[in-house]
Amino acid sequence: MTSPEASLELLRRGTVDLIDEKDLARKIGRGPVTVKVGFDPSAPDIHLGHTVVLRKMRHFQDLGHRVVFVIGDFTGMIGDPTGKKTTRPQLTRAEVEVNAATYTSQAFKILDPDKTEVAFNSKWLSALGSEGFVRLASRITVARIMERDDFQKRWKSQQPIALHELLYPLAQGYDSVALKADVELGGTDQLFNLLLGRDLMREENLEPQVVMTLPLLVGTDGTEKMSKSLGNAIGVQEPPSEIFGKIMSIPDRLMWSYFELLTDVPSADIAALRAQVESGANPRDVKATLARTITTQFHGADEGRRAEEDFRRAFSRHELPEQVPVQKVAPDALEWGAAVTLVQTHLSDSMRDARRKIAEGALSIYRPGAGQNGGFDVIRDPNEKILAGLTADGRVLRLGRRFLDVRPAD
């Protein structure tokens, strides 16, 4: 049995805000607590940034607590305004339902499905009706809502704020009331919403929930929050070689936060690895350990080892990996320029990004016996037709640490 001190140490790991620890200790001392986390299925895919909170949910599960995975099928149709400079497009219920199905299946790569309660917040928010929502809105002042940092910024810059956006924090807070949550988890950008949940619980004469926030994971570019739209994300469903290669591409300084937030490597071991690097050990070797550990979490130990071997084959011995993802393209692809090819094959998210990567020399083509890098020819012209003469044997593109075998459609 885990001691109370060890339990708190595990739950504290990686947290930014804990409001407050004494309440948490008291609650878990009474027995299993109800831990609530809400996810609006605004997109179908989960990346490593999402898993930071999911992993903390798993910590609570492993300690025997009740974890409720709240799918915001109601709030998702409003759209969380957190961090947004403009009003989000509203999703239809059909879009939310499709996204929710794939989102939960990916979340169970981390959560224990047998210990996870899945709840849809439309169950209680739709039941409120218009009269109930008016009564709910009477609990919080406009001044309190406008304390929110992103609303203040939009107001000062004269950016529109739609009325329904002001209701989002209320709806999220009411989730906590409906579930009588003991603890709510979220990213640091959710702090306002989580604290508002405490306010609403007090208004309903309920014991306020403990608020725990986790950092926003920095993406592979080393600067921005991980986001698929920014092209700096690592998806949990990506092939093992993609996950491994992308982790190897992160700046060395990010290794330590990735170890802490994305793995269960003990803190003492992480400190020892960091001391080794500071004493002159090659950070690439430590990063390989990180990449193998994370790849193994989603694809198993065998795939983790194979991804590492493929990486070493490609970047140490300048050979092709054993396994390269295949993408088939239509006949007109033979006329695409290099930049267009990167966008159409999803190696880049935009023409601007593709041209930048080509200018940096990140794109090359594998031509056995050619080039100065063991068969890889660097492409410098964004307009070069790199798929000209494409045959059924395919053509392997390398962009940084990513490989793609492009073949003609059947």
Side-chain angles (χ1 to χ4, degrees), residues 7-8 10-12 14-41 50 52-76 78 80 82 100 103-104 107 110-112 115-128 132-133 135-137 139-140 144 148 167-214:
S7 296
L8 279 173
L10 175 63
L11 297 176
R12 275 197 305 263
T15 59
V16 177
D17 300 293
L18 177 46
I19 307 172
D20 65 31
E21 187 171 323
K22 289 182 180 178
D23 278 350
L24 179 62
R26 179 174 51 80
K27 285 173 182 277
I28 64 177
R30 294 193 306 232
V33 298
T34 295
V35 182
K36 165 230 175 180
V37 187
F39 295 91
D40 284 349
H50 299 119
V52 175
V53 171
L54 290 171
R55 285 179 52 76
K56 188 57 63 180
M57 295 169 70
R58 180 59 188 257
H59 290 162
F60 274 98
Q61 287 183 328
D62 290 343
L63 292 170
H65 299 290
R66 176 192 179 214
V67 167
V68 185
F69 186 104
V70 180
I71 296 176
D73 59 329
F74 187 99
T75 46
I78 299 176
D80 186 357
T82 301
Y103 204 103
T104 49
I110 296 170
L111 298 177
D112 184 337
K115 297 179 181 178
T116 305
E117 294 183 33
V118 178
F120 292 80
N121 66 5
S122 61
K123 178 180 178 180
W124 49 81
L125 286 170
S126 293
L128 273 177
F133 238 104
R135 292 186 183 280
L136 177 63
R139 301 287 193 181
I140 303 294
R144 175 76 171 104
R148 188 180 173 131
L167 299 177
Y168 186 95
L170 286 173
Q172 180 175 330
Y174 190 75
D175 291 349
S176 298
V177 172
L179 291 168
K180 296 181 173 61
D182 293 302
V183 180
E184 184 172 12
L185 308 179
T188 51
D189 58 346
Q190 290 290 316
L191 182 59
F192 179 90
N193 292 351
L194 274 55
L195 292 176
L196 197 68
R198 285 170 58 90
D199 293 343
L200 287 178
M201 294 182 82
R202 289 190 188 95
E203 290 287 332
E204 297 292 334
N205 296 315
L206 296 172
E207 184 178 25
Q209 64 188 7
V210 170
V211 164
M212 297 178 70
T213 67
L214 285 301

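The basis for the numbers below is simple: all heavy atoms, side chains too, and nothing from hydrogens, waters or symmetry mates.
- Between the Asn193 side chain and the Pro169 main chain, no donor and acceptor come within less than 3.5 Å of each other.
- Residues Leu128 and Leu136 form a side-chain contact, since some pair of their non-hydrogen atoms from C-beta on lies under 4.5 Å apart.
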Please lay out, stage by stage, how Ile19 and Val210 fare under the test side-chain contact (heavy atoms from CB on, under 4.5 Å). CA-CA 6 Å; Ile19 307 172; Val210 170; 5.9 Å; no

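- Within the 4.5 Å cutoff, side-chain heavy atoms of Trp124 are placed close to those of Asp175.
- Two residues are said to be in side-chain contact when any heavy atoms from C-beta on lie closer than 4.5 Å; Asp182 and Asp23 fail this criterion.
- In terms of heavy atoms, Gly186 sits closest to Val53 at C-CG2, 4.0 Å.
- Taking 4.5 Å as the limit, some side-chain heavy atom of Ile28 sits within range of a side-chain heavy atom of Leu8.
- Taking 4.5 Å as the limit, some side-chain heavy atom of Ile71 sits within range of a side-chain heavy atom of Thr104.
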Check step by step if side-chain contact (heavy atoms from CB on, under 4.5 Å) holds for Leu111 and Leu54. CA-CA 7 Å; Leu111 298 177; Leu54 290 171; 4.0 Å; yes

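- Scanning all heavy atoms of the two residues, the minimum distance from Ser176 to Lys36 falls at OG-NZ, 2.9 Å.
- Distance check, rounded to the nearest 0.5 Å: CG of Leu11 to CG of Leu18 gives 9.0 Å.
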Check against side-chain contact (heavy atoms from CB on, under 4.5 Å), Ile140 and Leu196: CA-CA 9 Å; Ile140 303 294; Leu196 197 68; 3.8 Å; yes

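- Shortest non-hydrogen contact noted between Leu214 and Gly14 is CD1-O, 3.5 Å.
- When each of Arg30, Arg198, Arg202 is paired with Glu207, the salt bridge (charged side-chain N to carboxylate O under 4.0 Å, His left out) condition holds for Arg30 and for no other.
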Please walk me through it: do Thr116 and Gln61 pass side-chain hydrogen bond (donor to acceptor under 3.5 Å, both in side chains)? CA-CA 8 Å; Thr116 305; Gln61 287 183 328; 2.6 Å; yes

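- Residue Ile110 comes nearest to Arg58 through the heavy atom pair O-NH1, 2.7 Å, listed as atom of the first residue, atom of the second, then distance.
- With a 4.5 Å cut-off on side-chain heavy atoms, Met57 and Phe69 count as touching.
- Taking each heavy atom of Asp17 and Thr188 in turn, the nearest pair found is OD2-CG2, 4.5 Å.
- Expressed to the nearest 0.5 Å, how far CD of Gln172 lies from CG of Leu167 amounts to 13.5 Å.
- The two residues Leu179 and Arg66 have their closest heavy-atom pair at O-NH1, 4.3 Å.
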Go through Val70 and Phe39 one step at a time and tell me if the side-chain contact (heavy atoms from CB on, under 4.5 Å) criterion holds. CA-CA 6 Å; Val70 180; Phe39 295 91; over 6 Å; no

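- Taking the six-membered ring where tryptophan is involved, the planes of His65 and Phe60 are perpendicular, since the angle between them exceeds 60° and thus also 30°.
- Distance CD/Glu184 to CG/Leu194: 4.0 Å, rounded to 0.5 Å.
- Note that CZ of Arg12 is 4.5 Å distant from CD of Glu21, once rounded to the nearest 0.5 Å.
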Thr34 vs Lys180, test: side-chain hydrogen bond (donor to acceptor under 3.5 Å, both in side chains). Steps then yes/no. CA-CA 8 Å; Thr34 295; Lys180 296 181 173 61; over 6 Å; no

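- For Arg144, the CZ atom sits in a packed shell: over 12 heavy atoms of surrounding residues, nucleotides or ligands are nearer than 6.0 Å.
- Under the 4.5 Å side-chain criterion, counting only non-hydrogen atoms from C-beta, Val183 is in contact with Met212.
- Rounded to the nearest 0.5 Å, atoms CG (Asp62) and CG (Leu10) are 7.5 Å apart.
- Contact annotation: the side chain of Tyr174 approaches that of Leu125 to within less than 4.5 Å [non-hydrogen atoms, C-beta and beyond].
- Taken from CD in Gln209 to CG in Leu185, the straight-line distance is 9.5 Å, to the nearest 0.5 Å.
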